[in-house]
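Reminder, nothing fancy here: chain letters follow the sequence lines and each chain counts from 1.
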Amino acid sequence: MALSEEEHKVLEGIVGPQYITRDPIIMESYCQVWGNKLEFGDKWHRPPAAVLLPGNVEEIQAIVKFCNQAGILFKPFARGFEYVATYLASSRGILLELKRLNRILEIDPKNQHAVVEPFVPVYQLQDAAGKLGFYVGKPGVGYSASCVSLACCHQEMTISQLYTSGYGRNVLGCEWVLPTGDILNLGTANRKGGWFTGDGPGFSLRGILRGRAGANGGHGIITKCSVKLYPWYAKAPSECELKREPGQALSAAQLEKVPDNYWVDVLTFPDTERMLQAARDIGQAEIACLVAPAYMNTGFHEEGNDEQWAKLKESPPDLGKFARMMPVIVNGHSSRELEYRRKAVRAAMEKWGGWLEPEWNTEKVKAQIFQYQMWSTGVPGLRATGDFMLSTQGADGSVEMQLAYRPVEFQALQPFAAAGNVLHPNMGMSYRPMEHFSLGCSGGIATDFDPWDPASLAAGKEYLEIVYDPHGPCRRFGYANRGAMMQVEDVNHIHERWGPIYDRADRWLQKVRNMLDPNRVADWSAYIPPEYQERPDEERHACC
Amino acid sequence: MALDDLGRIVGEANFTKNPAALQEYCEGKGGCVPRALVRPASTEEVQRIVEWANDTRALLVPVSSGPPHIHGGSTPSVEGAVVVDLRRMDKVIRVDKNNRVVIVQPGVTFGHLQTELARQGLSAYLPLLPRPTKSVLASVLEREPILMPSVHFDSTDPLLCAEIVFGTGDRMRTGEAAGPDTLEEQWEIGKAQISPFGPTQMDPQRLVSGAQGTIGIVTWVSLKCRQRSDEARAFFLPSEDLDALVELSYHLCRIRYTGTILLLDRVNLARMAQRTPREIHGLQCALPNWVLFVAYEGYGLLPEEKLKYLEEDLRESASSYGLEPVTDLAGLPGEALYRLLLGPSSQPYWKLRSHGGFRDVFFITTQDKTPYFAKRMRKLARRFGFPTQQLGMYMQPVVQGTSCHLEFNLYFDPTDLTGVKRLRRLEAAAVDRLEREGAFFARPYPGWAEAAYRGYPDTAAMQRKVKAIFDPNWVLNPGKLCFPPGSGRQD
């Protein structure tokens with residue numbers, strides 16, 4: 001149901017006529033995102049009734065308060081990479097695109113944090129912070145991701161989390177417009193003394209801000225956030241000279257050598273177990289700024305989409321080896337530190353029977369790895385088909401658990417791979433260690449499929465259904481992120497299905513949601529519904 | 001249901017109304033005498049006690065540490081409460097050497113834990129010389145700062161997962177530990193309770209961190225620990241210039257210099273290192289005003305090379321701030337002090353050694369504000385006639401140096417009643433004044449809460465709503481944080 005003329009006028013009065021639209025052509029552009037075919041079976045998902053571009057927190061509060069009065073669903077989004085950013089649970093819903101909130105408000109080099117607005121992408125902050133000797137991290141989805149979304153609302157830095165932490169652990173305070181329109185400042189946000197902590201007084205309300213994943217716009221709007229920064233000993237990205245061969249696309253430009261104060265080794269191991277044991281040794285020794293087990297596979301892609309497609313269809317043999325390879329990057333504030341760390345990495349490699357493949361340890365390859373792993377080049381997997389499938393986005397935990405989980409997910413994938421209905425089946429599971437391995441690591445399979453091939457699309461859906469099934473093989477490995485990053489609750493019912501066997505975590509989350517949003521105006525589609533819908537008994541039985 | 005029903009839950013031997021036994025629990029700031037004490041031995045018993053409290057609208061005060069109860073977070077703030085003493089639950093449930101994770105119940109102390117971990121070549125992340133009776137679990141939930149800022153990624157560290165009995169009586173396990181299986185079944189598939197996130201889109205363990213038992217009773221936690229090495233180096237960086245030491249501390253935090261980094265004044269260093277008032281006085285007179293203490297171990301890969309490069313780097317870094325690391329200071333070997341920091345304080349507790357009494361005032365700020373607050377506190381002490389030679393200071397960089405725990409310690413003679421009155425006025429004035437000047441009282445214990453929440457009405461309002469979800473009948477530890485006695489109850 002569209003907005004009434006009167007409602008549209010009120011909203012227009014808040015942001016001004018140039019910052020609101022309901023033009024159907026423009027609305028269509030907000031519902032055409034990768035993943036739609038797999039999630040919704042269509043190229044488009046439900047379009048919003050209007051899109052607004054508020055310019056400040058006061059306008060946001062006014063919009064939200066009006067939504068409460070008029071019963072209009074709202075959802076904010078920043079950079080909008082994924083369908084969870086723009087999908088709405090009702091056609092009587094509006095999107096708040098936050099692109100006018102685009103300022104870095106402060107970088108405090110002494111206290112190692114920056115205060116940013118939601119439209120600031122990682123690249124922008126990385127470049128500004130890099131000039132002051134700081135690093136933000138590498139988001140898996142690419143450098144254009146919003147710092148605020150990553151820290152507070154969605155996922156986080158993925159592969160750089162060994163060094164930069166993530167999943168909400170970098171939040172040092174934020175300004176939060178609640179679904180009622182009231183403002184909640186977490187910790188010392190907006191207080192005298194600076195934005196240096198997000199906890200207290202008393203217990204930490206970061207506990208309701210997010211968990212393994214964020215609320216994906218489902219519990220209000222984060223309008224400012226203080227994020228922790230990490231040491232950086234090289235130039236800022238824009239100050240680095242990137243070179244490309246004549247005739248190559250701009251995006252092919254790359255570093256020619258690893259920057260001073262950094263060292264890259266690409267280690268190869270006889271098997272996954274020894275690779276992960278070495279990863280843990282290096283992590284626990286607190287010497288590396290990146291350890292990326294089986295992460296070679298996402299770093300090497302063809303420049304053109306057609307070439308990439310051809311490469312995928314070939315299923316190149318190198319992929320099996322990539323699954324046993326592990327780029328390691330160390331840094332050093334002094335030459336002594338760099339030298340010690342470099343030698344320590346080699347010691348771990350030798351301990352676990354690893355070696356250096358000359359082909360993958362040339363200066364050029366190392367520079368390419370550095371560029372990709374530290375700065376990100378986005379999600380190359382999207383280029384071949386315009387889509388990819390994140391399977392479960394992992395079970396989180398120890399090396400031992402990852403080794404137990406690996407065959408489970410492979411077995412789930414195997415029938416579809418054997419039938420030729422998923423591409424790239426030999427890519428393997430990749431791992432993302434956290435905080436010197438003191439939080440273990442995440443492991444998951446990123447699988448390519450062809451959304452335009454009905455058999456491949458069906459295989460993708462069936463495969464996801466297996467890993468999303470709480471009575472299936474993944475049951476014991478947790479639902480920490482079982483779709484919580486990418487689920488659409490009215491399609492997947494992830495919380496409804498998994499919550500009952502996970503200490504009723506869904507019920508507590510639902511209570512928090514309903515407390516924050518008594519009038520049920522914040523879009524819950526990628527968070528949790530205010531209540532579960534009545535459904536036929538057989539369907540409910542399948543869920544629970 | 002009667003009070004005596006509690007005896008049937010935990011066994012009569014673990015339930016008492018004896019006033020003498022109850023007296024221990026009302027020590028501390030303004031504590032009220034409880035009406036009963038119950039000592040559960042399992043999570044199930046804790047659940048039944050909480051359910052009983054909901055049925056009878058009784059008030060529960062969870063306690064994990066032994067006396068003395070110093071800050072008042074676990075002393076009853078209202079008359080008629082029932083103390084739930086968790087010290088019978090004192091098991092180290094599991095030590096996972098490979099993943100460096102330990103699971104402990106509330107009654108485990110640091111001494112107990114360090115003994116267990118040492119058998120596996122591991123060490124806990126400790127706060128500064130905790131008292132021997134201090135519960136590890138309580139220390140972690142209170143967000144007491146650990147001594148190693150480079151691995152203090154988040155304010156909740158080293159907390160990983162927790163088992164919580166909420167104020168409703170419902171049990172929930174957090175992070176990776178949530179799930180359909182028992183802990184033992186989780187271990188079978190390699191789970192180590194190492195991943196703290198969620199589950200899903202909230203982090204319940206953050207809601208019990210800093211909660212002073214007002215949201216739930218935590219029956220075990222999994223914690224990060226670290227490898228231990230006998231090869232260690234320890235250095236004092238003495239100075240009369242506090243600013244220079246703060247700058248060096250900033251630098252070391254920024255480069256993630258591994259190991260222990262903390263800043264002390266001579267008043268505190270003398271109390272930590274010596275035992276008798278005479279010894280303390282002697283050392284205090286011989287020490288410089290300020291000391292940055294830096295120590296590290298040779299754990300990990302290539303230990304000898306690690307120790308060597310770290311020392312050379314420290315010397316080089318220090319010299320750029322006009323400072324020099326020394327291994328002994330006024331006859332005190334740095335390595336001896338470091339060994340002390342690997343466990344709890346010996347008896348008597350170091351803060352009680354010189355005068356028999358102390359009060360703490362601590363808060364979160366940024367390191368650069370340390371010199372200002374140090375001067376401010378001395379000025380306040382002088383104004384209230386408190387001897388500045390009995391005023392100690394400790395600054396601990398936290399969350400990788402993005403902020404710091406700044407603590408002032410007021411040492412006093414508890415038999416000097418005039419002095420005690422003066423001290424109380426000073427403490428109240430200090431909290432009030434320093435909060436107005438930017439000190440963030442993240443852990444608002446009784447007596448501090450009003451000032452701590454003064455500028456945070458939005459936080460208080462939201463915390464009350466959260467409390468209403470997890471403890472809807474307000475049975476848990478009334479009178480703490482922003483939950484005044486009697487408010488919020490449905491009856």
message: Using 0.5 Å steps for rounding, measure from the CZ atom of A:Arg341 to the CG atom of B:Leu302.
response: 13.0 Å
- prompt: Hey, are A:Glu435 and B:Lys224 close enough for a salt bridge, meaning a charged N less than 4.0 Å from a carboxylate O?
  reply: yes
- prompt: With distance as the sole criterion, is a donor-acceptor pair present between the side chains of A:Asp199 and B:Ser155 under 3.5 Å?
  reply: yes
message: What part of B:Tyr257 gets within 4.5 angstrom of chain A, counting heavy atoms only: side chain, backbone, both, or neither?
response: neither
query: Cationic tip of B:Lys306 within the cone over A:Tyr340's six-membered ring, i.e. under 6.0 Å and within 45° of the normal?
result: no
message: What part of B:Asp313 gets within 4.5 angstrom of chain A, counting heavy atoms only: side chain, backbone, both, or neither?
response: both
query: Do A:Arg507 and B:Asp170 meet the salt-bridge criterion of a basic N to acidic O distance under 4.0 Å?
result: no
message: Less than 3.5 Å apart, any donor N or O on the side chain of B:Gln201 or A:His219 sitting next to an acceptor on the other?
response: no
task: Please report the closest heavy-atom contact between A:Gly193 and B:Lys369, naming both atoms and the distance.
output: O-NZ, 3.6 Å
message: Once you measure the plane-to-plane angle for B:Phe197 and A:Tyr167, does it fall in the parallel (<30°), tilted (30-60°) or perpendicular (>60°) bin?
response: perpendicular
query: How long is the gap from NZ on A:Lys511 to CE on B:Met202, to the nearest 0.5 Å?
result: 11.0 Å
field: Derivation of the salt bridge (Lys or Arg N to Asp or Glu O under 4.0 Å) call for B:Asp203 and A:Arg212
entry: CA-CA 8 Å; B:Asp203 270 346; A:Arg212 171 63 164 76; over 6 Å; no
Euclidean distance, A:Glu286 CD relative to B:Arg226 CZ, rounded to 0.5 Å: 9.0 Å
message: If I compare all heavy atoms of A:Pro201 with all of B:Thr459, which pair ends up nearest, and what's the gap?
response: O-CG2, 4.0 Å
- line: Ranked by heavy-atom pairs below 4.5 Å to chain A, first place among B:Leu481, B:Thr365, B:Thr156 goes to B:Thr365
field: Qualifying residues under salt bridge (Lys or Arg N to Asp or Glu O under 4.0 Å), relative to B:Glu437, sequence neighbours excluded
entry: B:Arg376
- request: Among the options B:Arg171, B:Gln186, B:Gln400, B:Gln227, pick out the one with the most heavy-atom pairs lying under 4.5 Å from chain A.
  value: B:Gln400
query: Non-hydrogen atoms of chain B under 4.5 Å away: do they reach the side chain of A:Leu516, the backbone, both or neither?
result: side chain
- prompt: For the candidates B:Glu142, B:Glu247, B:Arg254, B:Arg173, which exhibits the highest count of non-hydrogen atom pairs separated by less than 4.5 Å from chain A?
  reply: B:Arg254
A:Met349 CE to B:Leu301 CG distance, which is reported to the nearest 0.5 Å: 12.5 Å
task: Counting only heavy atoms closer than 4.5 Å, note whether A:Phe437 contacts chain B via side chain, backbone, both or neither.
output: backbone
task: Examine whether an atom of B:Phe440 lies under 4.5 Å from a heavy atom of chain A, and if so say whether it belongs to the side chain, the backbone or both; otherwise answer neither.
output: side chain
- request: Flag the pair B:Asp181 and A:Arg475 as a salt bridge only when some basic side-chain nitrogen lies within less than 4.0 angstrom of an acidic carboxylate oxygen.
  value: no
Electrostatic pair B:Glu316-A:Arg336, nearest N-O below 4.0 angstrom: yes
message: Going by salt bridge (Lys or Arg N to Asp or Glu O under 4.0 Å), name the residues that satisfy it together with B:Asp368, two or more places apart in sequence or in a different chain.
response: none
